[in-house]
*Asks:* 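Structure in structure tokens, see below.
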Amino acid sequence: MATQILGILFCVSAAAAAAGTKVYSFNSQNSTSVSSLNAKDGICKSVVEPLGYACQEHTVTTKDGYILSLQRMPSGLSGQAADKPPVLLQHGLIVDGVTWLMSLPDESLAFILADNGYDVWISNGRGTRFSRGHASIDPYDSAYWDWTWDELAAYDLPATFQYVHEQTGQNLHYVGHSQGTLIALAAFSQGKLLNMLRSAVLLCPVAYLNHLTSPFARGLVDLFVAEDLYWLGQHEFSLRGPVVNKLLEDICIMPGIDCSDLLTAITVIRTGTIAMYDYGNENDNMDHYGQPTPPVYNMTSIPNDLPLFLGYGGKDYITDVRDVQVLLDNLKDHDGDKLVVQYTDEYAHADFVLGVNANQIVYDPAIAFFKIN
């Protein structure tokens, strides 16, 4: 089956800790935990405005009816309106837009970009706590959860791109982490979004997962967790429920799996290709795609003149360096002045969004990349 991802909880290993990753309550300035945020209050009221930054709540409806929330930070702490292009931030799996706001303002990408004069937009994917709406389906209905990451690339990303483009009247820069890179690469390979895009920063780029080295994640792969949970009636994968608790108990007793750090990886991968959803049999695939196997997203189809910044780390057990190399091999004909590749040996998966030194290691180079594009 094609690369199918159920979810990612960030990996915080000893290597990540050595690199400076921290996971704690918001901004170290209050005791509100990430999981206890009230979705009804929204990200602006809960996280951004208490720190003195302007913030606007927006919504956009996808073509298949999902209502997504977007937050806009139109100015920095000084209050001066943004004088640089819009930047859209797209989070990874299981998490939401708060990913970009979890550390101190001088360590969190959203705040840093706003203070550097960029018009910052934060996206929240369907099904996350801030994007639970739909034009006709209730999230308690199993039909609400009948989608894969293909729909994120086909509907969510285009909807948010179009909305930001229309609201600002400008083409935008894009930053994706983990799944946020996967859906962007898929869209770019099909020629989508390019007419609204200035450049893309892809942190922990996910396209090929042949060398996934996390024993925890591999245990889940072997158990085919996604389908098991679905047919048990668990259409929504919630991190705080009896099914997940039992799942963790079963996985953590497997040989070779260390669950002492339970901010680890949960992914379901069947093959190392990047392709559309595999319906499991040739007839269903024929019905949906007109061919017996799912269409492949061809990375070599990404335009060679598209400005790309790829950042990855040597301690990342999700985005293995060998799999990133496969992606780079597919981009070998990319224009030399349009492709920046940054490798940080000591960085793990979460360090790119939560590392205390990510502002110098990752964000400063990314902003420099924006300035020339």
Side-chain angles (χ1 to χ4, degrees), residues 10 26-27 32 34 37-62 66-77 81-82 84-133 152 156-168 170 172-181 183-184 193 196-198 200-203 352-354 358-359 362-363 366-367 370:
F10 289 131
F26 283 118
N27 306 311
T32 304
V34 173
L37 265 183
N38 187 343
K40 293 181 179 179
D41 289 340
I43 290 177
C44 285
K45 180 179 178 181
S46 300
V47 186
V48 180
E49 292 172 355
L51 294 175
Y53 288 78
C55 189
Q56 305 166 1
E57 294 282 353
H58 294 253
T59 60
V60 60
T61 302
T62 67
Y66 287 83
I67 302 172
L68 312 178
S69 76
L70 285 161
Q71 289 75 42
R72 182 184 194 180
M73 298 174 63
S75 60
L77 190 60
K84 294 184 177 69
V87 182
L88 176 63
L89 306 179
Q90 179 62 55
H91 60 80
L93 289 161
I94 290 294
V95 293
D96 51 43
V98 177
T99 295
W100 307 104
L101 301 158
M102 289 178 66
S103 298
L104 294 167
D106 63 353
E107 297 170 356
S108 299
L109 183 56
F111 292 118
I112 291 171
L113 286 170
D115 284 332
N116 275 272
Y118 289 92
D119 185 1
V120 180
W121 293 78
I122 302 171
S123 175
N124 297 269
R126 65 177 66 188
T128 59
R129 58 186 156 172
F130 301 105
S131 294
R132 302 292 284 246
L152 305 184
D156 288 27
L157 204 58
T160 54
F161 259 71
Q162 187 67 44
Y163 187 83
V164 173
H165 183 260
E166 290 177 352
Q167 290 290 311
T168 64
Q170 300 184 64
L172 54 130
H173 296 294
Y174 176 83
V175 181
H177 177 250
S178 193
Q179 179 191 254
T181 72
I183 60 177
L193 312 178
M196 297 178 283
L197 181 66
R198 289 175 180 267
V201 169
L202 306 179
L203 306 178
F352 288 87
V353 290
L354 296 176
N359 47 359
V362 182
Y363 306 153
I367 291 173
F370 288 157

*Asks:* Starting at CG of L354, measure out to CG of L109 and round the result to the nearest 0.5 Å.
*Replies:*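 Rounded to the nearest 0.5 Å, the CG-CG separation comes to 11.5 Å.
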*Asks:* Who passes ring-ring contact (aromatic ring centres under 6.0 Å, His included) against F161, sequence neighbours left out?
*Replies:*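 ring-ring contact (aromatic ring centres under 6.0 Å, His included) check on F161 returns Y174.
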*Asks:* Can you measure from OG1 (T59) to CG (L68) and round to the nearest 0.5 angstrom?
*Replies:*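 The OG1 atom of T59 sits 9.0 Å away from the CG atom of L68.
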*Asks:* Does the side chain of V48 reach to within under 4.5 Å of the side chain of I43, using non-hydrogen atoms?
*Replies:*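 Sidechains of I43 and V48: in contact.
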*Asks:* Find the distance between CD (Q90) and CD1 (I183) and round it off to the nearest 0.5 Å.
*Replies:*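 The CD1 atom of I183 is 4.5 Å from CD of Q90, to the nearest 0.5 Å.
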*Asks:* Less than 4.5 Å apart, side chain to side chain, heavy atoms only: is that true for V201 and H173?
*Replies:*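 A side-chain contact under 4.5 Å is absent here.
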*Asks:* Within a strict 4.5 Å, meaning less than it, do heavy atoms of the V353 and V95 side chains meet?
*Replies:*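 No; the side chains remain at least 4.5 Å from each other.
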*Asks:* Mind checking the CE-CG spacing from M73 to L113? Nearest 0.5 Å is all I need.
*Replies:*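 With rounding to 0.5 Å, CE (M73) is 9.0 Å from CG (L113).
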*Asks:* Rounded to the nearest 0.5 Å, what's the gap from CG on L88 to CG on L193? Could you check?
*Replies:*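 It comes to 9.5 Å.
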*Asks:* Please list, chain by chain and in numerical order, all residues satisfying side-chain contact (heavy atoms from CB on, under 4.5 Å) with K84, sequence neighbours excluded.
*Replies:*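 Applying side-chain contact (heavy atoms from CB on, under 4.5 Å) to K84 gives Y118.
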*Asks:* Between the side chains of Q71 and Q56, does any donor sit under 3.5 Å from an acceptor?
*Replies:*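 The answer is no; no qualifying pair exists.
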*Asks:* Parallel, tilted or perpendicular: which describes the rings of Y163 and W121, with under 30° parallel and over 60° perpendicular?
*Replies:*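 If you compare the ring of Y163 with that of W121, the planes turn out perpendicular.
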*Asks:* Hey, does the side chain of T128 reach the backbone of G125 with a donor-acceptor pair shorter than 3.5 angstrom?
*Replies:*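 Yes; judged by distance alone, with no hydrogens or angles, the pair exists.
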*Asks:* Can you measure from CE (M102) to CD (E107) and round to the nearest 0.5 angstrom?
*Replies:*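 So the CE of M102 and the CD of E107 are separated by 12.0 Å.
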